[in-house]
Amino acid sequence: MLEVKNLAAGYPGRTVLEGVSLAVRPGRVLALLGPNGCGKSTLLRTISGLLPPLGGEILLDGKALGDYNSRQAARKIAYLPQSRTVPRITARRMVLHGRFPYLSYPRRYSREDYEAVDRALEAADALALADRPLPELSGGQRQKVYLALVLAQETETVLMDEPTAFLDVRHQLEVLALSRRLAAEGKAVALVLHDLSLALTMADSAAVLGEGRLLALGGPEEIYQSGVLARVMGVRLDRVYGPGGWRYFCDLAEED
């Protein structure tokens with residue numbers, strides 16, 4: 001389990017978030033929500049180990065994240081950033097990068113590595129893209145390849161920053177369904193999402209960030225009832241009950 005206790009996150013000379021406490025728990029999907037610039041990506045980069053915390057604690061399986069070396073941490077936490085470079089290599093070669101934490105020097109891939117990559121490509125609906133160069137792929141196709149890279153890392157914790165970016169609605173739903181399958185396998189999953197309707201419908205819990213802090217943490221219905229998400233996002237949030245439970249939707253807030 002990944003735990004954050006009284007965390008301060010940001011950059012030298014600029015604190016973005018303070019006093020954040022939450023957990024990314026095995027078997028559950030946590031959605032990180034809030035307006036642009038509120039610190040969602042900064043929080044994810046900090047708890048993945050890419051940014052040093054400015055204060056507080058980050059614990060991974062009860063041990064300080066800073067006590068793990070980079071290879072040990074990469075075998076436990078996989079992170080999909082908001083954007084990535086587009087090297088002139090095939091999709092399969094890109095996804096093989098997810099196996100780096102398991103390689104010794106010199107890097108030589110084993111049969112198990114290639115099998116893990118093909119499983120990841122298939123799970124991300126990207127197996128048909130395996131031999132195509134990344135620069136030739138559309139934004140949505142590249143996003144599937146990057147998702148496969150994260151899956152190939154085979155970690156206990158998966159952190160994804162806007163994994164549905166560039167995807168059409170069907171593939172957005174498929175990515176979120178994949179997140180639920182990962183949680184069902186016992187993985188801890190945290191996602192930055194901008195689609196409030198999908199987030200509240202698919203996630204087990206949500207953390208609402210704004211005003212430089214964690215404003216609310218709880219289940220989708222608890223977050224809805226609190227009204228904090230509608231307030232901080234400046235929208236009207238509503239719901240309807242249908243097959244499978246509540247479905248949430250939002251609209252522009254009515255002006256006084």
Side-chain angles (χ1 to χ4, degrees), residues 1-85 97-98 100-101 146-147 149-150 153-163 165 179 182-183 186-194 199 203-219 223 228-229 232-233:
M1 181 169 68
L2 188 60
E3 297 176 89
V4 174
K5 297 183 178 181
N6 200 32
L7 181 72
Y11 307 89
R14 183 168 72 92
T15 300
V16 177
L17 290 167
E18 289 187 287
V20 176
S21 296
L22 53 78
V24 186
R25 302 180 183 280
R28 297 180 67 81
V29 177
L30 171 68
L32 301 178
L33 309 175
N36 290 337
C38 71
K40 301 183 297 295
S41 296
T42 299
L43 175 61
L44 216 58
R45 293 186 69 200
T46 304
I47 65 177
S48 70
L50 293 180
L51 284 177
L54 302 182
E57 293 182 285
I58 304 172
L59 302 176
L60 181 58
D61 296 335
K63 178 180 173 181
L65 180 61
D67 290 344
Y68 292 86
N69 64 39
S70 58
R71 176 176 290 189
Q72 290 170 333
R75 289 184 179 187
K76 286 183 168 289
I77 301 174
Y79 168 63
L80 175 67
Q82 200 174 104
S83 60
R84 300 187 65 96
T85 58
H97 290 183
F100 280 4
Y146 299 144
L147 178 60
L149 185 154
V150 167
Q153 207 167 320
E154 295 186 331
T155 57
E156 301 165 358
T157 301
V158 178
L159 309 176
M160 294 187 277
D161 194 349
E162 297 190 48
S179 300
L182 294 175
K187 296 183 185 295
V189 182
L191 314 170
V192 169
L193 293 171
H194 282 294
D204 295 298
S205 59
V208 181
L209 302 174
E211 304 164 7
R213 59 194 177 93
L214 177 65
L215 297 175
L217 177 65
I223 295 296
V228 64
L229 191 54
V232 74
M233 298 297 291

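Under 4.0 Å is where a charged nitrogen must lie from a carboxylate oxygen, and between E156 and K76 at least one such pair does.
Across V228 and A216, no two heavy atoms sit closer than the pair CG1-CB, 3.5 Å. The shortest heavy-atom contact between I77 and S48 is CG2-CA, 4.3 Å. The two atoms that bring N6 and G19 nearest to each other are OD1-CA, 3.3 Å, heavy atoms only. Between L54 and R14, the closest heavy-atom pair is CD1-O, 4.2 Å. Between L147 and L80, the closest heavy-atom pair is N-CD1, 4.3 Å. A pairwise comparison of heavy atoms in R84 and Y79 identifies NH1-O, 4.5 Å as the closest pair.
Within the 4.5 Å cutoff, no side-chain heavy atoms of L59 are placed close to those of M1. A 4.5 Å side-chain heavy-atom check between L43 and L214 finds every atom pair outside the cut-off.
Rounding to the nearest 0.5 angstrom, the gap separating the CG atom in L159 from the CG atom in L44 is 5.0 Å. A distance of 7.5 Å separates CG in L149 from NE2 in H97, rounded to the nearest 0.5 Å. To the nearest 0.5 Å, atom OG1 of residue T46 and atom CG of residue L7 are 6.0 Å apart. If you take NZ on K187 and CD on E154, they are separated by 7.0 Å, rounding to the nearest 0.5 Å.
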Please tabulate, for the side chains in residues 22-41, all donor-acceptor contacts under 3.5 angstrom to protein atoms that are two or more places apart in sequence or on a different chain.
| from | atom 1 | to | atom 2 | distance (Å) |
| --- | --- | --- | --- | --- |
| K40 | NZ | G34 | O | 2.9 |
| K40 | NZ | P35 | O | 3.1 |
| S41 | OG | Q82 | NE2 | 3.0 |
| S41 | OG | D161 | OD1 | 3.4 |
| S41 | OG | D161 | OD2 | 2.6 |

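With sequence neighbours excluded, no residue forms a salt bridge (Lys or Arg N to Asp or Glu O under 4.0 Å) with E162.
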